[in-house]
There are 2 protein chains.
Amino acid sequence: MRKTDTKGKILDAAQDCIQRVGANAMSYQDISEAVGIQKASIHYHFATKERLIEALIDRYSERFFSLVQSIVESELSPETKLRRYGLLFEAMLSEGERGKVCLCGILGAELATLSPVAVDNIRRFFRENEKRLAEVLDEGRRQGVFQFEGDSRSMATLMFSLLEGAMLVVRADEGTQRFSAIMRQMIKLISA
Amino acid sequence: MRKTDTKGKILDAAQDCIQRVGANAMSYQDISEAVGIQKASIHYHFATKERLIEALIDRYSERFFSLVQSIVESELSPETKLRRYGLLFEAMLSEGERGKVCLCGILGAELATLSPVAVDNIRRFFRENEKRLAEVLDEGRRQGVFQFEGDSRSMATLMFSLLEGAMLVVRADEGTQRFSAIMRQMIKLISA
DNA sequence: GAAAATTAACCGATCAGTAGGTAGGTATAT
DNA sequence: ATATACCTACCTACTGATCGGTTAATTTTC
């Protein structure tokens, strides 16, 4: 274990910055100021900006799915699982002082400017989320607490798209409570 | 009327570029090459990049709401109106050769880097869309073809967020048909 | 209606600033 | 003494923006 985890601090600063302004507006200077390190020193830990972003997506995915998994595997009701899942996104909006959105959501908007590896991992993040969501939806349908036509996978894509989109839309007129309202409405729609 | 509408061509090029890669990744060089004009000449038509983006949002909003209005005011069924509305977004994904998303959607992701005027107009774009959507939802509920709990405004925010989010998510794994599937699923959810 | 003045629309050259990245050196710890 | 972790100094490329100047069209004046 390192005493001062500079590598981690760089990732922290980069993530904070990207979630607020996007990857193209994030610069090495921003990171160097936030971490208290020289610009050139970042290159010691991450050869290029592309690599830094790729590493960031990896860490973010890992952490996020760890949280998701603990929700999905819990003994909570399907409805509560969905609500908890939505809270993972909602928490970002109120985190810190400024409005952050999902890292992979904002990177999805800048997809065309990212490396193929990054694009792949973002795509995987999307798909994996849909998969976990589909599990919960299926569980709820089996228990008779959820009701909707079509396959659960389409429904999962719908819900995930909604959450990603809602972060961007809601952030535009500062209001976390609007986000939870949307999530509540969504759950009502599929409740039996 | 000008013979060669350079100002319009600049806006065309800028919009195409932003819808694909975002505002921060769009440069004056990109525009100059696309239009066939010198970089400096762009400044004759738009003093700064911020002004250019502001003008772009204005034109985009005007055009978009013109299309929306013709749908809302038509004699179509509420369900068809929603389907047509969704097609406005879907068309962008398949437009040109590359995947474009809603201009205001992608700018919403980069909101923190835009001018206050631009932010205001993007916010207005969002609200106005929700308003039009709410009208259609109300109409459908009065006619008994739509059914959902809560106020139509929350439902409208949900639908709009879904559409904006779905563009980003679907673009990540190239598939226009997935977008229409989401829209169909959404309409099913509120159909009586 | 011809000459003169003005404006619109653009270009070439250049600016200061910042981007990401590199080279080489230094201090520390094992 | 060798790798780790960082620094200073610098580089090239490109960013949006400004400059003075050019050309063609339009408007004004007589």
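Chain letters run A, B, ... following the sequence lines, proteins first and then strands; every chain starts at 1.
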For every nucleotide of nucleotides 16-21 of chain C, 5' to 3': is a protein heavy atom under 4.0 Å from its base (B), only from its sugar-phosphate (S), or from neither (-)? ---SBB
So how far off straight is the helix from C:dG1-D:dC30 to C:dT30-D:dA1, going by the axes through five pairs at either end, to 10°?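 End axes: 10° apart.
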Think [X] has a side-chain N or O under 4.0 angstrom from the OP1 or OP2 of [N]?
X: B:Tyr44; N: C:dA9; value: yes
X: B:Thr6; N: C:dA9; value: no
X: B:Gln38; N: C:dG12; value: yes
X: B:Ser41; N: C:dC11; value: yes
X: A:His45; N: D:dC6; value: yes

Could you work out, with ring pair (Phe, Tyr, Trp, His ring centres under 6.0 Å) as the rule, every residue matching A:Phe46, not counting sequence neighbours?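 If we apply the ring pair (Phe, Tyr, Trp, His ring centres under 6.0 Å) test to A:Phe46, skipping adjacent residues, there are no hits.
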May I have the distance from [X] (atom [atom1]) to [N] (atom [atom2]), rounded to whole angstrom?
X: A:Asp5; N: D:dA5; atom1: CG; atom2: C1'; result: 13 Å
X: B:Leu52; N: D:dG16; atom1: CG; atom2: P; result: 10 Å
X: A:Ile10; N: D:dC6; atom1: CD1; atom2: P; result: 7 Å

Could you check whether atom CZ of B:Arg84 has more than 12 heavy atoms from other residues, nucleotides or ligands sitting under 6.0 Å from it?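 No, not enclosed.
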If you count heavy atoms of other groups shown closer than 6.0 angstrom to NZ of A:Lys131, is the number above 12?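 Incorrect, the count does not exceed 12.
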Output every pair passing ring pair (Phe, Tyr, Trp, His ring centres under 6.0 Å) with a member in residues 69-111 of chain A, not counting sequence neighbours, ordered by first then second residue.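 Found A:Phe64-A:Phe89, A:Tyr85-A:Phe89.
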Check: residues 151-159 of chain B side-chain donor-acceptor pairs under 3.5 Å, at least two apart:
residue	atom	partner	partner atom	Å
B:Asp151	OD1	B:Ser154	OG	2.5
B:Ser152	OG	B:Asp138	OD1	3.3
B:Ser152	OG	B:Asp138	OD2	3.1
B:Thr157	OG1	A:Arg178	NH2	3.1
B:Thr157	OG1	B:Glu130	OE1	3.3
B:Thr157	OG1	B:Arg153	O	3.0

Atom pairs and distances, donor-acceptor, side-chain atoms in residues 99-109 of chain A, under 3.5 Å, two or more places apart:
residue	atom	partner	partner atom	Å
A:Lys100	NZ	A:Asp16	OD1	2.8
A:Lys100	NZ	A:Glu95	OE2	3.0

Would you be so kind as to tabulate the donor-acceptor pairs closer than 3.5 Å made by side chains of residues 51-59 of chain B, with sequence neighbours excluded?
residue	atom	partner	partner atom	Å
B:Glu54	OE2	B:Ser115	OG	2.6
B:Asp58	OD1	B:Asn121	ND2	3.4
B:Arg59	NH1	B:Asp12	OD1	2.9
B:Arg59	NH2	B:Asp12	OD1	2.9
B:Arg59	NH2	B:Gln15	OE1	3.2

Quick one: list whatever passes side-chain contact (heavy atoms from CB on, under 4.5 Å) with B:Gln143, sequence neighbours left out.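 In terms of side-chain contact (heavy atoms from CB on, under 4.5 Å), with neighbours along the sequence ignored, B:Gln143 is linked to B:Pro78, B:Glu139, B:Val145.
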Set of salt bridge (charged side-chain N to carboxylate O under 4.0 Å, His left out) partners for A:Glu79, sequence neighbours left out: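 A:Arg83.
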